There are 2 protein chains.
Amino acid sequence: MLLGRFSLSLLFLKLVMTTSFGGCAVRRHCTRLAFGGTGTTTLSSSSSSSRSSSTTSAVMKNCLYRIRDVNNMSTDIANSLCSFVIDGVPIGKVRPAMVRLLCETGPDVFVVTKNNDNNNGNDILTLQDKIDKTCEARTEAVDTVMRRLCDAGVVRGWRDEHYPLAATFYDQPLLTVERAAVPLLGALEYGVHMNGIVVPQQQKDDTQQQPRMWMARRAKDKSKYPGMVDHIVAGGQPAGWSLWENAVKECQEEAGIPPEMAREGLVPIGAVSYATYSPKSDTITRAVLFNYDLYLPPDFVPKPTDGEVEEFFQWTVPELFASLDPNFPDPLKPNCYLPVIDWLMRQGHLSPDTPGYLDVLRELRNGDCQ
Amino acid sequence: MLLGRFSLSLLFLKLVMTTSFGGCAVRRHCTRLAFGGTGTTTLSSSSSSSRSSSTTSAVMKNCLYRIRDVNNMSTDIANSLCSFVIDGVPIGKVRPAMVRLLCETGPDVFVVTKNNDNNNGNDILTLQDKIDKTCEARTEAVDTVMRRLCDAGVVRGWRDEHYPLAATFYDQPLLTVERAAVPLLGALEYGVHMNGIVVPQQQKDDTQQQPRMWMARRAKDKSKYPGMVDHIVAGGQPAGWSLWENAVKECQEEAGIPPEMAREGLVPIGAVSYATYSPKSDTITRAVLFNYDLYLPPDFVPKPTDGEVEEFFQWTVPELFASLDPNFPDPLKPNCYLPVIDWLMRQGHLSPDTPGYLDVLRELRNGDCQ
C-alpha cells in the first residue's frame with residue numbers, strides 16, 4: 001500500500017505525458033481523425049475539459065492489458081473446448097483432457113457424444129441417458145464424481161456450497177455443482193462487484209473535488225490473492241438470493257455498511273464478463289460480474305467485519321489510472337480491473353478519440369454475458 | 001407530442017403494474033432467484049429503493065423490442081452476406097444481389113472472388129487489381145460506379161459528402177465513399193448521440209427531483225423520420241474532425257448550445273452498435289453511436305437553429321419508460337432508443353434481477369463495435 005502510494009505520482013505523470021496525438025499529417029477526406037489534419041485546430045477545442053480528448057494511448061493500452069490479463073483465452077484454446085450440454089442446452093466449456101478425466105472418473109455419469117457442426121466439430125460432453133432428467137438426480141450423480149476428483153486432489157478447496165448451472169442467469173438450474181468444481185465444467189459464474197464511491201462535498205469556492213473510490217486490502221491469510229487490493233465489497237452470487245439482496249448482505253458482511261445505507265447508495269449499472277484459461281489446472285473460468293456503484297456518505301468509514309479484509313482506503317482517479325500500469329507494484333485483484341475500467345469509462349475519464357477505446361469497450365464484455 | 005403526453009401516465013401505470021415477480025415456488029438450491037424461495041423474504045429488502053428490483057419484465061421486453069427494431073438482422077440474412085474486402089481487410093457486408101449489381105454496373109471496378117472458410121463460404125466482393133492501391137484511386141474508381149447507380153435511382157439522396165471506410169474507427173481510410181452510398185457496401189458508420197440531461201436543483205425539503213432528458217422534435221420537412229422525437233443533439237461523424245470537436249460543433253448547430261457550455265457539460269460514456277437490414281433497398285446499415293451525456297443548466301433552453309428541429313421539450317424517466325412501449329403513439333426515431341436505454345441502465349433504472357437484463361445489456365452492442 002505505502003509502496004504504491006509513493007510511486008503513484010511519478011507513474012501517473014509518466015502516463016499522461018505519453019501522448020499519441022500529433023504527427024498524423026493526412027489529407028482532408030482520406031483521414032478519419034482531425035489531429036493535425038486540415039481545417040481544424042489540433043486539440044484546441046478539447047483542452048479545456050478533463051472529460052474530452054485527454055486520454056493517452058498509453059492509458060488505453062494499460063486498460064487493454066488489464067482486461068486481457070483476465071480475458072486471456074487464445075483462439076487455439078477457445079477452439080479446443082468441448083461443450084458441456086444437458087438436454088440440448090450448452091452450460092459449460094471443457095478442455096479435452098478434462099473431458100477424458102471426467103468420463104474416466106465417472107463413466108456411469110459422464111459420456112461423450114461425437115461432433116456436430118455447431119461446436120467446431122469438437123466432442124460434446126453430456127450426462128448418461130440413464131440419469132433421471134431432474135435437477136436433483138443430475139446434482140447427485142455429478143456430485144459423486146466431483147467427490148472422487150476431490151479425493152484425487154483435482155478439485156481443491158471444497159466448500160460444501162452448491163452453485164446452480166443453467167443456460168442463462170434467469171433460467172431454472174439444470175443441476176447444481178459444488179462451487180470449487182465449477183471451473184472443471186467451465187460453467188458461467190455470476191458475482192456482484194461494487195465500486196464504492198465518495199463524492200466530496202462542494203467546497204466554499206464552489207468547486208467540487210473529484211470522486212474517490214474506496215478500496216479494500218485482502219487479508220494476508222486468504223487462500224486466493226492474499227494481501228491484494230480489492231473492491232470495497234464483492235462476492236459470488238449464491239443460489240436462493242436476488243442480486244439486490246445479495247448486494248445489501250455483502251455490504252454489511254464485508255464492510256460493515258448498514259443495510260439502509262447500502263439500499264440508499266447502491267445503483268446497479270450493468271455487468272462485465274470474461275473468460276479465463278488457467279494452464280496450471282487446465283480449466284476455464286467464465287464469469288459475469290454484475291456491477292454496482294455504491295455511493296457512500298463522505299463521513300462514513302467502512303470497517304473490516306468478517307476477517308477477510310485487512311484495511312480500507314481511498315484511491316483518487318489518478319491513483320486508479322496509475323494502478324492500470326503493468327509495472328504498478330500494488331495492483332488490484334485481476335478481475336476487479338474490469339468494473340473499475342467500466343466506471344472510468346462511464347464517468348468520461350477515457351476519451352473515445354483515443355485509439356483503443358472501442359476495443360476497451362468491447363472487451364469489457366468479452367465473455368458470454370447471458 | 002400532446003397526444004404522447006396525454007396517454008403517458010396511464011400507459012406507464014399499466015407498465016409498472018405488469019410484474020413478473022411471484023409465483024415461482026422452487027427449492028433452495030435448484031433455483032437461481034429468491035423470489036418466493038425458501039429462506040428469504042420476497043422483495044422485502046428491495047422495495048425501499050427505486051434503483052433495486054422494481055423493473056418489470058414488461059419494461060425489459062419493451063427495451064428488447066426497441067433494440068431489436070433497429071438490430072433486426074435474422075440469421076438467414078446475416079449468413080447470406082458477402083464481405084467487402086480491400087487488401088485483405090473486411091470493411092463492409094453486402095447482400096448477394098447488391099454484389100451482382102455493383103459488378104454489373106462497374107465491371108472495371110468491382111470483382112468477386114470465390115469462397116473462403118472465414119466468410120461462411122460466401123463470395124467476397126473486392127476491387128479490381130488494376131486499381132492503384134491508394135485511398136484516392138480507390139475513392140475515384142468507386143465514385144464512378146456510385147454515380148452511375150445514383151443516375152439509375154439506386155443511390156438516393158446524394159449529399160456530396162464523403163465518408164471514410166476502414167477496418168476500425170481509428171485506422172486510416174482505405175477509401176472514401178459518398179455518404180448516401182455507404183449502406184450499399186454495408187460499411188460501419190459512426191455517429192455521436194447526446195442524452196441532454198437536466199438535474200433539477202435541490203429542493204428546500206432536501207429532496208432532489210429526478211433528472212429529465214431534453215428531446216427534440218424533428219422538422220416535418222426532414223426527408224428521414226419527419227416530425228419524430230429525437231435526441232437533443234445527434235449527428236454523423238464527418239471525416240477530418242475528432243469526435244469531441246464534432247460533438248461540440250453539433251451542440252451549437254443543432255440546439256444553440258454555446259461551445260463553452262457544451263465543453264463543460266459533455267461526458268463521453270461509451271457507445272452502442274447495431275446492424276439493420278432494410279428489405280426495401282436490400283442494404284445493410286451497420287452503425288456505432290458514440291454516446292455522450294450532456295449535462296445542461298436547469299435554466300438553459302435549447303433553440304432550434306438550423307431548421308432541422310421544430311421544438312425542444314423535456315421527458316421525465318417515467319415518460320422515457322412509457323415511450324418504449326410498442327404501442328406508444330409518439331415514439332423516438334428508432335436508433336435513439338439505444339443510447340436512451342443505455343442511459344436508463346447506467347442510471348440504475350433497470351434491475352439486473354429482472355429476466356432479460358443481460359439480453360438488453362448485450363444487445364445494446366450487438367453490431368460490430370470496432
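On a predicted model such as this, the values are computed, not experimentally measured, just so you know. Throughout, protein chains are lettered first and strands after them, A, B, ... in sequence-line order, and every chain is numbered starting at 1.
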Report the option among Ala271(A), Ser273(A), Pro259(A) that has the most heavy-atom pairs separated by less than 4.5 Å from atoms of chain B. Ala271(A)
Contacting region of Val360(B) [heavy-atom separation from chain A under 4.5 Å]: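 It is neither, since no heavy atom gets under 4.5 Å.
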Atom of [X], atom of [Y] and distance for their closest heavy-atom approach:
{"X": "Gly348(A)", "Y": "Val267(B)", "answer": "CA-CG1, 3.6 Å"}
{"X": "Tyr170(A)", "Y": "Pro352(B)", "answer": "OH-O, 2.5 Å"}
{"X": "Gly270(A)", "Y": "Tyr357(B)", "answer": "N-OH, 2.9 Å"}
{"X": "Asp353(B)", "Y": "Leu243(A)", "answer": "OD1-N, 2.7 Å"}

Nearest 0.5 Å please: distance from the CD1 atom of Ile269(A) over to the CG atom of Leu350(B). 12.0 Å
Calculate, to the nearest 0.5 Å, the distance between atoms CZ and CG belonging to Arg346(A) and Asn291(B) respectively. 13.5 Å
Any chance CD of Glu140(B) has more than 12 other-residue heavy atoms, nucleotides or ligands included, within less than 6.0 Å? no
Is the count of non-hydrogen atoms from other residues, nucleotides or ligands lying under 6.0 Å from Lys249(A) atom NZ greater than 12? yes
Please step through side chain to side chain contact (heavy atoms under 4.5 Å, CB included) for the pair Leu358(B) and Thr168(A), ending with a clear verdict. CA-CA 9 Å; Leu358(B) 289 178; Thr168(A) 83; over 6 Å; no
Under 3.5 Å, is there a donor-acceptor pair between the side chain of Arg365(A) and the main chain of Leu361(B)? yes
